[in-house]
Asker: 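Can you keep this structure in mind? I'll have questions shortly.
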Amino acid sequence: MKKMHRLLSLVLAVMMCLSLAACMGSQQEQDSLVYLDYGTGIDPYTDKYNTELYGFNGNAVDGPDPGCFYVSEEEDPEWGGYFYMYPTSFATNDWAQLYKYKEQGITNLVASCYRSKDLYNWELCGALEGGYSCVVDQEDWCQNYWWAPEVIRNPKDGKYYMYFNAMMPQGYNTSAVVDTGYNWARMFLGVAVSDTPVGPFDILYDIDPATGVRIPTINFHTGCKTEDNWSTIDANPFFDEDGTLYLYFNKHTDDSYGNLNGIWGVKMKSMTKPDYSTVSCVTLAGAQSVTMTPGQIETVEKGPATAFEGLNEGPTMVKHNGKYFMLFSNFGYTSPAYGVYAAVSDNPLTGFEKLDPADGYTVMDGAVHNHVLGTGHCAVAKKGDQHYIIYHRHASKYSWTDGAGRCIGADKLIFTENEAGLEIPQANGPSKNLVWLEEDISGYKNLMETAKVNVSSGSGVEYLRDGIMPYYVVTKDLAFTASEEEVTITLSWDEAVSVNSVMIFNSRDTFTAFSKVADIRFKLAQKPEWLSAEYDYAVIKDLLFPERYYDVEAEEYTPCAPAVAEFDSVMVTEIQITLKGADKYLTTNKFGEKDLSIAISEIAVLGGATK
């Protein structure tokens, strides 16, 4: 009994010593770290955010059908260094604004011109009243339905050419059109030119020899000798690498050739004149492919049928590694599923095959995750080696019918390999969350590019900095995943780096989404100026995934959105990011089984300011 008592006393003493040591260790740890004050980069109740570090697709620019391109400073020292954008826009309804022009014979101002360094913050810059860039006068043929302007710079003469579509009025005195009485049969493509990207653009035209009136320089009815009018909209100019200009467009509804509505293309002899012998059908709704004899419209034949598509419109040509990708929209702009889809060919005018859904048919469609709707009629702008996709979307995330209209969004367009080994275009969006700005814009580097990355568990470490947000079928598995109760991701640098923000992008779906980041620990390389004492570590505890990205009650989740910490600069050599499975939104899977797996789409660490 005494032996038992002595043994129990010894055990209690050991336990007390261990407890005291633990307390002392805990206190020592507390003494060696400081809690870091931080912000989340964006106001929780508004769309105000730190524009020096981040981009965000708000509803700042109204309008559909954006044309957009980038002008470098090497191309144009005066106007270069900006993206220029032209949505469908006209001043027809603003008679007070137009009144002063009436005496000059001007009937409309069209094509609002915006410019931006970062694709998120736009300034109205058109050379004309109200920021418009092109004038329509009373002698021009293009009086109504002035849609979808796109501008391209001709490197040969340094001028800027705007391609658009418009309706010729009923009763217009020309032999260049069959006056059927059906308005939509009178849609033509037009061209305007300017010395600057902001205008004013002058509309180019031919003269009808029979009547002396102005007529379009592009007319597929007369050029292809069709019996009736051949209505066209949505022009998209494209310079190939050899300098050849192609023009793509949408064959619109008319009263004679409705079965040919889809995407078409033609090789251009000049900036204003097509080679009509090359006119080719690129895609038709409901067909995997099409064949025809170029220039002979009546020879079009549909290939194998595809799943239902309402239409094919809004063409945008992108070339990558020798392949031609025709991006187009379907279902109609009022549909939530209005998105961007792809067909591919080895030739700029013929042989296009729509990609299968599993191989990357969908380039961008917010309805996939039901967080941004009506994302279509895109333009693709290239700056350096990076492509960007600029598109319109429904301003409301609930319904097209609520009258909110359409607004402009922009995201990176990346190329990734599908299972067939083809590098295909995929949008990093449509995003409705903070993204980081490129270094040449913000002056802040993404230090993930130079970090050594180690994880305590999990797989797919390479996807933490691959630049791909896994929105779609082809990219859905390109994310870091872990299934342990706790995972720590350690980032380290051989030399100290200055850090201002950490962005941890959540999963593409709620089943693997975290509700918070348990711990972010910064190993300090030197004492920040704003600290009064020396500490080994600065720490952020329980960084929440913002409520704006997940309405739990409504079950509305924004995929691939970030938890963001922004703070005064700290010099570090290491960052440890810890997440816990218990901090998931859903800790059981759809089968009712316990599931602690999480997924992270990307991590960005912003710092090393160069400006």
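What you are looking at is a predicted structure, and each value in this text was computed from that prediction instead of being measured.
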Asker: At their closest point, which heavy atom of M469 faces which heavy atom of N428, and how far apart are they?
Answerer: N-OD1, 2.9 Å

Asker: Count the heavy atoms belonging to other residues, nucleotides or ligands that lie under 6.0 Å from NZ of K523, then report whether that count exceeds 12.
Answerer: no

Asker: Is there a donor-acceptor contact under 3.5 Å from the side chain of N506 to the main chain of F514?
Answerer: yes

Asker: Enter the distance from R406:CZ to Y333:OH here, rounded to the nearest 0.5 Å.
Answerer: 5.0 Å

Asker: For the pair S112 (side chain) and G131 (backbone), establish whether a donor and an acceptor sit closer than 3.5 Å, ignoring hydrogens and angles.
Answerer: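 No, the answer is negative, given that no donor and acceptor are paired below the 3.5 Å cut-off.
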
Asker: Using a 6.0 Å cut-off, check whether atom CD of E52 has over 12 heavy atoms from anything other than its own residue.
Answerer: no

Asker: What I want to check is whether the side chains of S431 and N57 have a donor and an acceptor closer together than 3.5 Å.
Answerer: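 Yes, side-chain donor-acceptor contact under 3.5 Å.
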
Asker: With a 6.0 Å cut-off (strictly less than), is the heavy-atom count around NZ of K445, excluding the residue itself, greater than 12?
Answerer: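 At most 12 heavy atoms, drawn from other residues, nucleotides or ligands, come within 6.0 Å of this atom.
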
Asker: Distance-only, no hydrogens or angles: does the Q426 side chain make a donor-acceptor pair with backbone N or O of I414 under 3.5 Å?
Answerer: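 No, the answer is negative, given that no donor and acceptor are paired below the 3.5 Å cut-off.
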
Asker: So F522 and F567, would you call those rings parallel, tilted or perpendicular, with 30° and 60° as cut-offs?
Answerer: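 Perpendicular.
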
Asker: Could you tell me whether the side chains of D76 and Y160 share a donor-acceptor contact shorter than 3.5 Å?
Answerer: yes

Asker: Side chains of M364 and Y472: closer than 4.5 Å at any heavy-atom pair?
Answerer: yes

Asker: Does the side chain of K319 come under 3.5 Å of the side chain of Y324 through a donor N or O and an acceptor N or O?
Answerer: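 Present: a donor and an acceptor within the cut-off.
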
Asker: Examine F415 together with H387 and report whether their ring centres are nearer than 6.0 Å.
Answerer: yes

Asker: Is the shortest side-chain heavy-atom distance between L33 and R521 below 4.5 Å?
Answerer: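 L33 vs R521: side chains touch.
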
Asker: With a 3.5 Å cut-off and no angle check, do the side chains of S116 and D118 form a donor-acceptor pair?
Answerer: yes

Asker: Decide whether D477 and Y463 meet the rule of one side-chain donor and one side-chain acceptor closer than 3.5 Å.
Answerer: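 Side-chain D/A pair, D477 to Y463: absent.
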
Asker: What's the verdict on side chain to side chain contact (heavy atoms under 4.5 Å, CB included) for I42 and V564, showing C-alpha distance, side-chain angles and the deciding distance?
Answerer: CA-CA 9 Å; I42 189 168; V564 176; over 6 Å; no

Asker: For D37, does the CG atom sit with more than 12 other heavy atoms under 6.0 Å from it, leaving out its own atoms?
Answerer: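 No - once you tally the heavy atoms of other residues, nucleotides and ligands closer than 6.0 Å, there are 12 at most.
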
Asker: Counting neighbours of CD on E593 that are heavy atoms of other residues, nucleotides or ligands and sit closer than 6.0 Å, is the number greater than 12?
Answerer: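 It does: E593 CD has more than 12 such atoms within range.
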
Asker: Looking only at side chains, do Y54 and S501 share a donor and an acceptor under 3.5 Å apart?
Answerer: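 Yes, S501 and Y54 have a side-chain donor paired with an acceptor closer than 3.5 Å.
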
Asker: Could you check T490 against E574 for side chain to side chain contact (heavy atoms under 4.5 Å, CB included), going step by step and ending with a plain yes or no?
Answerer: CA-CA 7 Å; T490 302; E574 183 178 283; 3.7 Å; yes

Asker: Using modelled atom types and a 3.5 Å cut-off, is there a donor and acceptor pairing between side-chain atoms of T610 and backbone atoms of G443?
Answerer: yes

Asker: Indicate, with yes or no, if the rings of Y120 and Y49 have centres closer together than 6.0 Å.
Answerer: no

Asker: Measure from the ring center of Y388 to the ring center of F83 and say whether it is less than 6.0 Å.
Answerer: yes

Asker: Closest heavy-atom contact between L434 and T40?
Answerer: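 Looks like CD1-O, 3.8 Å.
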
Asker: Checking the side chain of R548 only, and the main-chain atoms of T46 only, is there a donor and an acceptor separated by less than 3.5 Å?
Answerer: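 Looks like yes, one N/O pair under 3.5 Å.
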
Asker: Does the N236 side chain pair with the main chain of M317, one donor and one acceptor, at a distance under 3.5 Å?
Answerer: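 Side chain of N236 to backbone of M317: a pair is present.
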
Asker: Which distance, rounded to the nearest 0.5 Å, do you find between the NZ of K516 and the CG of D583?
Answerer: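 So the NZ of K516 and the CG of D583 are separated by 4.5 Å.
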
Asker: At their closest point, which heavy atom of Y557 faces which heavy atom of P559, and how far apart are they?
Answerer: O-CD, 3.5 Å

Asker: Can D519 and K541 be counted as an ion pair, charged N to O under 4.0 angstrom?
Answerer: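 Here D519 pairs with K541 in a salt bridge, since their nearest N and O are under 4.0 Å apart.
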
Asker: Any sub-3.5 Å donor-acceptor pair from K117's side-chain atoms to G81's backbone N or O?
Answerer: yes

Asker: Can you give me the closest heavy-atom contact between D359 and I424, atom names plus distance?
Answerer: O-CD1, 3.2 Å

Asker: For G366, is there any backbone N or O sitting under 3.5 Å from a side-chain donor or acceptor partner on T375?
Answerer: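 Such a contact is found between T375 side chain and G366 backbone.
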
Asker: Decide if the gap between the ring center of F505 and the ring center of W436 is smaller than 6.0 angstrom.
Answerer: yes

Asker: Take E438 and K383 through the test salt bridge (charged side-chain N to carboxylate O under 4.0 Å, His left out) and record every step on the way to the result.
Answerer: CA-CA 11 Å; E438 295 298 303; K383 178 184 175 183; over 6 Å; no

Asker: Let me confirm one number: the CZ-SG distance from F328 to C378, rounded to the nearest 0.5 Å.
Answerer: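 With rounding to 0.5 Å, CZ (F328) is 11.0 Å from SG (C378).
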
Asker: Do any N or O atoms from the side chain of S72 and from the backbone of E75 form a donor-acceptor pair under 3.5 angstrom?
Answerer: yes

Asker: If you look at every heavy atom in S498 and L447, which pair is closest and at what distance?
Answerer: O-CD1, 3.5 Å

Asker: Please confirm whether F331 and Y338 have ring centers closer than 6.0 angstrom.
Answerer: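 Judged by ring-centre distance (under 6.0 Å), F331 and Y338 do not meet the cut-off.
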
Asker: Ignoring hydrogens and angles, state whether a donor on the side chain of D365 or Y471 is under 3.5 Å from an acceptor on the partner side chain.
Answerer: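 Result is no, nothing qualifies.
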
Asker: Grab the two heavy atoms, one from K584 and one from I598, that are nearest each other, plus how far apart they are.
Answerer: CG-CG2, 3.6 Å

Asker: Under 6.0 Å between ring centres: does that hold for Y550 and F545?
Answerer: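 Centroid separation for Y550 and F545: 6.0 Å or greater.
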
